[in-house]
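Single-structure report; data block below.
Being a predicted model, the structure only gives us computed values, none of them experimental. Chain letters run A, B, ... following the sequence lines, proteins first, then strands; residues in each count from 1.
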Amino acid sequence: MNLDERIRHRRGQGDGQQLVRDYSALSPVSHLDEPSGRGPVMERLLDHLEPIFDGQLPPNGYLHGPFGSGKSAVVTSLFDHLEQFSSGTRSIIHTSTRPASPTTPGFVYVDLRGTTSEFAFYHDVLDALVDESVPHHGISTGEIRDRLHDILGLSRAGVVIGVDHVDEPNTFDAESLVDLFAGLPSNVTWLAVGRVPPNRTALTEYTATSIPVQRYQRQMLVDVVMTRVSEGLARQALDHELARRIADWAEGNAHDALAALFTAADHARRAGKNHIDSSDVSDALGEIPLPSVSLGRVLQLPANKQTVLRELVDLDPVDCESVTATTEGISESHSVDLSAATVKRYLYEMAELGIVERVQSQSTSKGRPPSRVELRFPPTVFRRLYDLRE
DNA sequence: GATCCACGGGAATACACGGATG
DNA sequence: CATCCGTGTATTCCCGTGGATC
């Protein structure tokens, strides 16, 4: 059953049109093939990458801008198209039996959020470059690196690696990235993507170009929202005026705006409406924490941590007055078969990452005062995306 | 047999408070 | 008054173990 069918199924027999046609089209973590409103950034990236059209490698680059400004959307879309273009104009790198070497650089996109070890990084790059799938086990990091050297040794033009989400909590920082690339042959360059301004990261010591991305202007963000409405919702599902309200609230952050749209749509759907009204939007804006952490980070956590979060979002806030109480509430659920000690440690770890937040409660006379656990991500969106996943 | 990495579990450490002590 | 101490919690830290896969 695909997504549309499931939704129809849950809703029962359709009387008229469904409000939500496709949740994934509303998701802040999915990107459109052609992101709206980011044309100028795309142009600057193409300027930077210009050498590839002569079969040369571009220098290292750094794309930077605030949360929700469309960096990932632009880079994933661009790398997709470039890889298609590139593989169309060169002989194949995939099999080592071919003596001919590519004349146009290849393109590999790596999201560091899901790639947190040295092994995983080299693995992902190699996996993108060869046809056969690369094993995750029973092969050493060194072996993977050797194979990469073999493969890239055959390539005259080399490879550009887009490295997204540099220097977030739990991802590689500038220095580690430099180290990782030191393990690769010299015909590899990077396009790093991150939020840290260029004057505050060691990355720019190694990059020729820094390309800034500004937050979305109001009207652009309204367009972003309305585009998603037409992709994922019924016709006329969202008034232009409400889209403006969402955009104003989100202050240029497309992630937050789309989370709000998603949440409002879910509220309306559950109430059996065929359009989103003002109260749905109010409810949505009320339940999304600001500042929010990216859902992309939440959905890239190890499966068991997500299971813990899935229980957490359904827990009554009354039961979250301390980490210990929250742990008990989660452990009681039978869908979590982790020990209480582990659940508790997860909560602390996720607080460390900013996924949840510990807020000190008023001190009870005895012992160290506990801290309340609060969400730092949009719960409705997470709940829905988690449940819809296979 | 090798390899990577998530898990588990608890030990070690930090903190808050009230009361005792110098 | 300043400091120390004991008690009860909260929080952090560490490392061996085992599953999964080749």
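Residues R44(A) and H48(A) fail the side-chain proximity criterion, which asks for heavy atoms closer than 4.5 Å.
Following rounding to the nearest Å, H137(A) (NE2) and dA20(C) (P) show an atom-to-atom distance of 10 Å. When rounded to the nearest whole Å, the span between NZ of K305(A) and P of dC5(B) equals 14 Å. The distance between atom CG of L347(A) and atom P of dT9(C), rounded to the nearest whole Å, is 19 Å. For the pair H123(A) NE2 and dT21(C) P, the computed distance is 13 Å after rounding to whole Å. Across the protein-nucleic acid pair, Y346(A) atom OH and dC13(C) atom P stand 18 Å apart, rounded to whole Å. Whole-Å rounding puts the K344(A) NZ to dT9(C) C1' distance at 9 Å. At whole-Å resolution of the value, CD in Q300(A) and P in dA6(B) are 12 Å apart. E349(A) has its CD atom 12 Å from the C1' atom of dC14(C), to the nearest Å.
Residue Y348(A) has no polar side-chain atom (N or O) positioned under 4.0 Å from OP1 or OP2 of dT12(C). An OP1 or OP2 oxygen of dC7(B) is reached within less than 4.0 angstrom by no side-chain nitrogen or oxygen of T342(A). Residue R345(A) places none of its side-chain N or O atoms closer than 4.0 Å to OP1 or OP2 of dA6(B). In terms of phosphate contacts, S322(A) brings no side-chain nitrogen or oxygen within less than 4.0 Å of OP1 or OP2 of dT9(C). Contact annotation: S117(A) side-chain N/O to dC4(B) OP1/OP2 distance is not under 4.0 Å. S371(A) has no side-chain polar atom (N or O) that falls below the 4.0 Å cut-off from OP1 or OP2 of dA10(C). Remark: S140(A) is not in phosphate contact with dA2(B), judged by side-chain N or O atoms under 4.0 Å from OP1 or OP2.
Paired with Y206(A) under the rule side chain to side chain contact (heavy atoms under 4.5 Å, CB included), one option of Y62(A), F181(A), W190(A) passes, and it is W190(A).
For the atom pair L180(A) CG and E118(A) CD, the distance stands at 6.0 Å (nearest 0.5 Å).
Residue pairs satisfying the salt bridge (charged side-chain N to carboxylate O under 4.0 Å, His left out) criterion with at least one member in residues 371-381 of chain A, sequence neighbours excluded, are listed as follows: E357(A)-R376(A), R372(A)-E374(A).
The nucleotide whose nearest atom lies closest to any side-chain atom of S339(A) is, among dG9(B), dA16(B), dC4(B), dG9(B). Ranking dA16(B), dA6(B), dT12(C) by closeness to the E352(A) side chain, first place goes to dT12(C).
In terms of position along DNA chain C, the nucleotide closest to R358(A) lies nearer the 5' end than the nucleotide closest to the other residue of the pair R358(A) and G138(A). Two residues, A341(A) and H136(A), neighbour DNA chain B, and the one matched to the more 5' nucleotide by heavy-atom proximity is H136(A).
When heavy atoms are screened at a 4.0 angstrom cut-off, P302(A) is found touching no nucleic acid atom at all.
D173(A) and S176(A) are linked by a side-chain donor-acceptor pair at a separation below 3.5 angstrom, with hydrogens and angles left out of the test.
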